[in-house]
Amino acid sequence: MIINLLRGAAAFCLALTPLALPTPAAATALVTVPEVLPLEDAVGKLPVAEEDRTGYTRDSFKHWNTGLDAADGCDTRDEVLLAEAVQEPAVAAGCKLSGGKWNSYYDGVEVGEADKLGIDHMVPLAEAWESGAVTWDAERREAYANDQGVAASLVAVTARTIRSKADQDPATWMPPLPEAHCRYIGEWTATKLRWGLAADQTEAEALKVYAEACETTVVHYSPAP
């Protein structure tokens, strides 16, 4: 579907016409080349700072908005579900999804009903607030809360794992499936680097421990627009 194409390419899609092709220099300027680093090096790039949740409310981050395709009748949540389905669901009026299959990588569970899934912000909204988003304006917070520019920012997983995680960082919560840990730490770190977010001392120390155990994990990230 169109969402599967849009979501992965959102950061670099260009509209080309025979009458107005961009010059090679302009095309180069518009394409963001992802940073690729070993996990340990990526963790080392995170600034370390104290966190303060004062003033945070979930309403500070507008979500879910109309997503990548405002004409499809689906919000960001539905678009992520469509993009991550391993078996595509049927889509009825109002973006009502039925059927389909998803793999929840946090716990290794195969899910056959969309309403049993949630969309997890890899770095929870409260964690983002206290890690730097407190200084952002409303538009940037909305962009963060609906980020489909990279697949790692929003993840379709079982609702129970999202409830278990809540707003915790990797110092106090990790996915229940051990095999998911290296991927999770890589995606957590990539998300923080993408949005210029910091880590507190306890979180940074936990990330370093996991990075040592995940020596083959590579982090790909592109700075958010």
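Pairs passing the side-chain hydrogen bond (donor to acceptor under 3.5 Å, both in side chains) check and including a residue from residues 94-104, sequence neighbours excluded, read S104-D107. Annotation: disulfide bond (SG atoms under 2.5 Å apart) contacts involving residues 53-107, sequence neighbours excluded, comprise C74-C95.
Just one residue in the list E187, H181, E179 forms a side chain to side chain donor-acceptor pair (under 3.5 Å) with R183, and that residue is E187.
Under the 3.5 Å distance criterion, with hydrogens and angles disregarded, a donor-acceptor pair is assigned to the side chains of T161 and T158. Using a 3.5 Å distance cut-off with no hydrogens or angles, the side chains of S222 and E35 do not pair a donor with an acceptor. For the 3.5 Å distance criterion, the side chains of K45 and Y221 qualify, holding a donor opposite an acceptor.
Using a 4.5 Å heavy-atom threshold, the side chains of E127 and E51 count as touching.
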Intermediate values then yes/no, side-chain hydrogen bond (donor to acceptor under 3.5 Å, both in side chains), D52 and T54:
CA-CA 6 Å; D52 183 358; T54 301; 2.6 Å; yes

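Under the 4.5 Å side-chain heavy-atom criterion for ILVMFWY residues, no single connected hydrophobic cluster contains both L177 and V157.
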Donor-acceptor pairs under 3.5 Å, side chain of residues 134-143 to any protein atom, not counting sequence neighbours: which ones?
residue: T135; atom: OG1; partner: G132; partner atom: O; Å: 2.9
residue: D137; atom: OD1; partner: E139; partner atom: N; Å: 3.3
residue: D137; atom: OD1; partner: R140; partner atom: N; Å: 2.9
residue: R140; atom: NH1; partner: P225; partner atom: O; Å: 2.8
residue: R141; atom: NE; partner: A133; partner atom: O; Å: 3.0
residue: R141; atom: NE; partner: W136; partner atom: O; Å: 3.4
residue: R141; atom: NH2; partner: A133; partner atom: O; Å: 3.4
residue: R141; atom: NH2; partner: V134; partner atom: O; Å: 3.0
residue: R141; atom: NH2; partner: W136; partner atom: O; Å: 2.7
residue: E142; atom: OE2; partner: N65; partner atom: ND2; Å: 3.1

Donor-acceptor pairs are to be reported for all side-chain atoms of residues 197-205 against protein atoms at under 3.5 Å, with residues two or more places apart or in another chain.
residue: D200; atom: OD1; partner: T202; partner atom: N; Å: 3.4
residue: D200; atom: OD1; partner: E203; partner atom: N; Å: 2.7
residue: Q201; atom: NE2; partner: E205; partner atom: OE2; Å: 3.2
residue: E203; atom: OE1; partner: K192; partner atom: NZ; Å: 3.2
residue: E203; atom: OE1; partner: D200; partner atom: N; Å: 3.4
residue: E203; atom: OE2; partner: W188; partner atom: NE1; Å: 2.9
residue: E203; atom: OE2; partner: K192; partner atom: NZ; Å: 2.9

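Remark: N146 CG to H63 NE2 distance equals 8.0 Å, nearest 0.5 Å. Atom CD of residue E50 and atom OG of residue S131 lie 12.5 Å apart, to the nearest 0.5 angstrom.
Closest approach of L39 to C214, counting heavy atoms only: CD2-CB, 3.8 Å.
Annotation: ring pair (Phe, Tyr, Trp, His ring centres under 6.0 Å) contacts of Y184 (sequence neighbours excluded): Y106, W173.
A distance of 6.0 Å or more separates the ring centres of W129 and H121.
Cluster partners of V36 are V218, counting Ile, Leu, Val, Met, Phe, Trp and Tyr whose side-chain heavy atoms approach within less than 4.5 Å, directly or via other members.
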